[in-house]
Amino acid sequence: MRVSQRLDYAVRTLVLLVDRPAGEFVAAGDLAVSLALPRRFVEQQITALSHAGIVVSRRGATGGCSLARPAADVTVADVVKALSGDVLDVPRQRDSATAELWESAAESLENHLSGVSLADLAVRQREIDAHAHEMYYI
């Protein structure tokens, strides 16, 4: 099983939006520069996330995107479902031990991802960033 780059970059993009004040719009180009990604790629993810109600986007000189609801209310499972449909695409058949296995795995993964919000990821990212920028002087 593999997490697509599309999904990973979309979540990373959303984490960047968490620290922005509510209602402040950020241009997709600025997000793309921060993540070292092509602008068009970020714009496509923002469009999909906008259709799912996770972000709000607007055009124009003061346009860009912003989270549609508080970061604590958006889970990673919400993002996965918005971009991929199911958290884990499993065979839908009856009377199969392997189908039961995959369904159980999908349920466990969805429960885990539903317990992690964008706010949680932003807190952890700040910790990682702070540790990466620690300087020691002799």
Side-chain angles (χ1 to χ4, degrees):
M1 290 174 261
R2 184 176 184 281
V3 174
S4 70
Q5 284 185 326
R6 176 182 187 226
L7 176 59
D8 183 56
Y9 291 150
V11 174
R12 289 173 55 199
T13 299
L14 291 169
V15 169
L16 286 178
L17 292 175
V18 170
D19 290 329
R20 302 293 180 146
E24 179 182 303
F25 286 77
V26 182
D30 293 342
L31 294 169
V33 168
S34 294
L35 294 169
L37 296 173
R39 178 180 176 198
R40 183 71 183 129
F41 182 80
V42 172
E43 289 171 345
Q44 290 170 342
Q45 305 327 302
I46 295 300
T47 299
L49 294 166
S50 177
H51 289 159
I54 294 173
V55 298
V56 176
S57 63
R58 66 179 183 200
R59 295 177 178 256
T62 59
C65 62
S66 179
L67 291 176
R69 50 190 204 259
D73 295 342
V74 181
T75 68
V76 176
D78 295 333
V79 179
V80 172
K81 290 176 184 177
L83 296 177
S84 304
D86 292 323
V87 170
L88 182 62
D89 188 14
V90 297
R92 307 280 187 212
Q93 65 186 66
R94 299 175 150 228
D95 303 325
S96 167
T98 57
E100 288 177 359
L101 167 75
W102 299 129
E103 189 63 38
S104 175
E107 186 177 310
S108 294
L109 181 59
E110 183 166 351
N111 287 338
H112 178 68
L113 297 179
S114 293
V116 180
S117 71
L118 294 179
D120 298 330
L121 289 176
V123 167
R124 180 62 185 135
Q125 188 61 55
R126 281 186 226 111
E127 292 170 352
I128 291 168
D129 291 345
H131 182 67
H133 295 104
E134 288 179 356
M135 296 196 76
Y136 298 98
Y137 298 96
I138 298 176

Apply salt bridge (charged side-chain N to carboxylate O under 4.0 Å, His left out) to Asp19 and list each qualifying residue two or more places apart in sequence or on a separate chain. Arg126

Connected to Val123, directly or through other members, by ILVMFWY side-chain contacts below 4.5 Å are none

If you measure from OG1 on Thr13 to CD1 on Ile46, what distance do you get to the nearest 0.5 Å? 5.5 Å

Could you measure the distance from the CG atom of Leu113 to the OG atom of Ser108? Nearest 0.5 Å is fine. 10.5 Å

Can I get a per-line list of side-chain donor-acceptor pairs under 3.5 Å for residues 47-58, giving both atom names and the distance, sequence neighbours left out?
from: Thr47; atom 1: OG1; to: Glu43; atom 2: O; distance (Å): 3.0
from: Arg58; atom 1: NE; to: Thr62; atom 2: O; distance (Å): 3.2
from: Arg58; atom 1: NH2; to: Thr62; atom 2: O; distance (Å): 3.2

Gap separating the CG atom of Asp8 from the CD atom of Gln45, nearest 0.5 angstrom: 11.0 Å

Do the side chains of Leu37 and Val33 join up, straight or via other hydrophobic residues, at under 4.5 Å, putting them in one cluster? no

Scan residues 22-33 for pairs that pass side-chain hydrogen bond (donor to acceptor under 3.5 Å, both in side chains), counting only residues two or more places apart or in two chains. Arg20-Glu24

Please tell me if the side chains of Asp120 and Arg124 come closer than 4.5 Å, counting only heavy atoms from C-beta onward. no

Can you tell if the side chain of Leu17 reaches within under 4.5 Å of the side chain of Cys65, non-hydrogen atoms only? yes

What's the spacing between Glu107 CD and Glu103 CD if we round to 0.5 Å? 7.0 Å

Yes or no on side chain to side chain contact (heavy atoms under 4.5 Å, CB included) for Val18 and Leu14, after CA distance, side-chain angles and deciding distance? CA-CA 7 Å; Val18 170; Leu14 291 169; 5.9 Å; no

Do we see a donor-acceptor contact under 3.5 Å between the side chains of Ser114 and Asn111? no

Taking all non-hydrogen atoms of both residues into account, name the closest pair between Leu7 and Ser4 and its distance. N-OG, 3.0 Å

Using salt bridge (charged side-chain N to carboxylate O under 4.0 Å, His left out) as the criterion, list what pairs up with Asp95, not counting sequence neighbours. none

Single-linkage hydrophobic cluster, 4.5 Å side-chain cutoff, Val42 and Phe25 together: no

Return all side-chain donor-acceptor pairs below 3.5 angstrom for residues 76-91, not counting sequence neighbours, or 'none' if the list is empty.
from: Asp78; atom 1: OD1; to: Thr75; atom 2: OG1; distance (Å): 3.4
from: Asp78; atom 1: OD2; to: Arg69; atom 2: NH2; distance (Å): 3.2
from: Asp78; atom 1: OD2; to: Thr75; atom 2: N; distance (Å): 2.9
from: Asp78; atom 1: OD2; to: Thr75; atom 2: OG1; distance (Å): 3.2
from: Lys81; atom 1: NZ; to: Glu110; atom 2: OE2; distance (Å): 2.5
from: Asp86; atom 1: OD2; to: Arg92; atom 2: NH2; distance (Å): 3.1

